[in-house]
Novice: 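Here it is: the structure, laid out below.
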Amino acid sequence: MKEYFETIPQIRYEGPETKNPLAFRFYDPEQEVMGKPMREHLPFAMAWWHNLGAAGTDMFGRDTADKSFGARPGSMEHARAKVDAGFEFMQKLGIRYFCFHDVDLVPEADTIGEMNRRLDEISDYILEKMQGTGIRCLWGTANLFSNPRFVNGAGSTNSADVYCFAAAQIKKALDLTVKLGGRGYVFWGGREGYESLLNTDVKFEQENIAALMRMAADYGRSIGFEGDFYIEPKPKEPMKHQYDFDAATAIGFLRQYRLDRDFKLNIEANHATLAGHTFQHELRISAINGMLGSIDANQGDLLLGWDTDEFPFNVYEATMCMYEVLKAGGLTGGFNFDAKTRRPSYTHEDMFHAYILGMDTFALGLRKAAELIEDGRIDAFVKERYESFCTGIGAKIRSGSATLEELAEHARKLGAPELPGSGGQEYLQGIVNSILFK
Ligand code: XLS
Ligand code: NI
Ligand code: NI
């Protein structure tokens, strides 16, 4: 069997002191954190599109990286070479999951029939490669945004024929996801939005999107898919305004159209910041609504206004992410590195450095989040902060048995209430720093 990354050894944990660039400093798969090995806390996934596909093309320049893997791009031979390279890559890093769009797997064909034939061929091959490796699909999805036919969206398109094309792709992508043992299925509404309200019937479009999701869920269940469907919120890019703006908006949509039993959210760090939120905010809003399903682990650049999809290196952010994940009791999905190396980092070795960085960042975040929780001071502070709701009139409010008149009477007797206790933000931030940097 041909080796694609000949200079790269099996990547192992060597600890924080190591100077070996091809080793983990913090990700020690078997080490237990809060009673569970790290590998179980952190089901990492490789994103087929960025890792095996994206070669550095941007608005101003061509590819810088060589992702041909010895085959002619656009051929089925290349599709197979990507599978081989991808499995070697995942095995060398100890990654157990991958995520894909239909068009990441094979060159796009002109007809649905030919496209599906290619997808059958490649998925048979992937299935073969999976045997004995423990590697499987985290989630699949259909690319309903690149082809020009999706210029006005897929579920939100004004063309019933294009809508059917989208349905055909979703149906096939669901078949593949089930075939490859996927834990989830994603809807990222790349072009499900609008450029101008002058030509857009928002309610009509949202009803159509919901109907497509409903049909997808029904079909998925009919073929034995037991995992979660996910919406991946993003406020903009490529469209000026996307309907799945953020977690709260997507949750409202799912409830409005009664999709919340089948769907959860896939939260991407970079999308959170594009929506003017923190990553932690989006995770918290999802978690408290029982909707935290999976994570696209990447990082944006606050100085740039688009989805830069960088590999996560910000340990503070990763810690707060893992804090939310631990508090929520873990994910049913996993951590997909929806991230690409920077254009000047174009070597094959850079691909490994990037994944090592991302995996180590989340491993360190996990360790630090566990320490924060075990330390207990933050929890104790929050508990005390709401203490006035534990007894007396506060407890009555919480139990739902108070009336507005009763509260008004309570207030009248008080005269003026004391200031609520201090928010203590700086004290708490100091605790976080002392645990992060000890
Ligand atoms: C783009 C999205 C996309 C989804 C899958 O911004 O993050 O990559 O994760 O379609
Ligand atoms: Ni994204
Ligand atoms: Ni994503």
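Values below: all heavy atoms of this structure, side chains included; hydrogens, waters and symmetry mates excluded. Whatever order the structure lists them in is the order used to number ligands and atoms, beginning at 1.
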Novice: Are the charged groups of Asp102 and Lys172 less than 4.0 angstrom apart, N to O?
Specialist: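 No, this pair does not count.
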Novice: Below the 3.5 angstrom mark, is there an N/O of His101, backbone or side chain, next to an N/O of ligand 1?
Specialist: yes
Novice: With no hydrogens and no angle check, is any side-chain donor or acceptor of Glu324 less than 3.5 Å from a backbone partner on Ala287?
Specialist: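 A pair under 3.5 Å: no.
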Novice: Distance only, no hydrogens: is a donor on one side chain within 3.5 Å (strictly under) of an acceptor on the other, for Asn298 and Asp338?
Specialist: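 On atom types as modelled, these side chains do not qualify, holding no pair under 3.5 Å.
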Novice: Under a 4.0 Å threshold between the charged nitrogen and the carboxylate oxygen, would Glu121 count as salt-bridged to Arg118?
Specialist: no
Novice: Sort by chain and number the protein N/O/S atoms found under 2.8 Å from the Ni ion (ligand 2).
Specialist: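 Per the 2.8 Å query on the Ni ion (ligand 2), atoms found are Glu268 OE2, His271 NE2, Asp307 OD2.
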Novice: Within the structure, is a non-hydrogen atom of Asp307 found at a distance of less than 4.0 Å from ligand 1?
Specialist: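 The answer is yes: ligand 1 sits under 4.0 Å from a heavy atom of Asp307.
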Novice: Would you mind finding which of Glu232, His271, His50 brings a heavy atom closest to atom 4 (C) of ligand 1?
Specialist: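 Among Glu232, His271, His50, the closest heavy atom to atom 4 (C) of ligand 1 comes from Glu232.
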Novice: Say whether Gln299 and Glu310, considering side chains only, have a donor N or O and an acceptor N or O under 3.5 Å apart.
Specialist: no
Novice: With ring-ring contact (aromatic ring centres under 6.0 Å, His included) as the test, pick out the partner of Phe89 among Trp48, Phe337, Tyr355, Tyr4.
Specialist: Tyr355
Novice: Under 3.5 Å, N or O to N or O, is Glu268 touching ligand 1 that way?
Specialist: yes
Novice: Evaluate Asn266 for polar contact with ligand 1, using N/O atom pairs at a separation under 3.5 Å.
Specialist: no
